[in-house]
Amino acid sequence: MIIGLTGTPGTGKTSVSRLLQEHGYNVLYLTDLIKDECLYSEVDEDRDTLVADMDRVFSRVCELAGDDEGVNIIDSHMAHHIADVVIVLRTAPSDLRERLRLRNYSYAKIEENVEAECLDVILVESVEWCQKVYELDTTGRMAEDVVTDVEEIISGILSGDDSEVYQKYMPGSFDWSGEIF
Ligand SMILES: Nc1ncnc2c1ncn2[C@@H]1O[C@H](COP(=O)(O)OP(=O)(O)O)[C@@H](O)[C@H]1O
């Protein structure tokens, strides 16, 4: 099974993924995979990013996840373009701004990402693209606590009846549209 862990940069995907890996889950770090295996069509010099070839990425992820009965976590802000089931990490603008500042992002890059979070960009894309979407708040919480929630969701999915966890983590809980500068 493939479960995408998506969200605006800075919401804590990699911190959560690393802990999930320690807990025994197989994690695919999409950004590294795209770079290491040249799964991109061009380099966007202006934004200093690689333009992923999503068809090739999807094929490669399916190969790597294979017919593994276990859970494969895809860590990426593009995971919702690959997985049918995604967990979207959310962070309140003030927290996100501070996390990205500590990561030495430029002012412009911070505000671009904070604005995307305020506009629910990744959540909306996930709901449009994926069969099942869960939403998790990471604001003011340790990554370890967020991982507990992620594992609760995964358990619900694997049980065959996720109705209880879906009630708890269904999308649409946040409205930060009023916090755009
Ligand atoms: N739950 C959290 N609470 C506070 N800070 C966090 C949390 N999760 C991650 N961080 C911090 O926020 C920054 C971005 O986390 P990271 O896991 O790299 O996010 P992403 O992979 O979504 O870009 C890092 O400095 C990390 O230490």
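Just so it is clear, the model here is predicted, and its values are computed rather than measured. Values below: all heavy atoms of this structure, side chains included; hydrogens, waters and symmetry mates excluded. Whatever order the structure lists them in is the order used to number ligands and atoms, beginning at 1.
Checked by atom type, the side-chain pair S177/D175 shows a donor-acceptor distance below 3.5 Å. Side chains of T14 and D75: a donor on one and an acceptor on the other come within 3.5 Å.
Taking distance alone, with nitrogen or oxygen atoms compared against 3.5 Å, G10 approaches ligand 1 more closely than that limit. Geometrically, ligand 1 and V146 share no nitrogen or oxygen pair separated by less than 3.5 Å. Residue-to-ligand polar distances place S15 within reach of ligand 1: an N/O pair is separated by less than 3.5 Å.
When each atom of ligand 1 is checked for a heavy atom of K13 under 4.0 Å away, the hits are 17 (O), 19 (O), 20 (P), 21 (O), 22 (O), 23 (O).
At least one heavy atom of T11 sits under 4.0 Å from some atom of ligand 1. Within the 4.0 Å heavy-atom shell around ligand 1 one finds P9.
Closest heavy-atom approach to atom 6 (C) of ligand 1 among the candidates R99, E144, R141, R18: R99.
At the top of the distance list for atom 24 (C) of ligand 1, counting protein heavy atoms only, stands R103 CD, 4.5 Å. Among all non-hydrogen protein atoms, the one lying nearest atom 8 (N) of ligand 1 is G12 CA, 3.7 Å.
In this structure, the side chain of T8 does not engage the main chain of N113 through any donor-acceptor pair within 3.5 Å. Between the S15 side chain and the A143 main chain, no donor and acceptor come within less than 3.5 Å of each other. Between the side chain of D120 and the backbone N or O of L123 there is no donor-acceptor pair closer than 3.5 Å.
E117 places none of its side-chain heavy atoms less than 4.5 Å from the side chain of F174.
A salt bridge does not link E112 with K109: none of the charged nitrogens is closer than 4.0 Å to a carboxylate oxygen.
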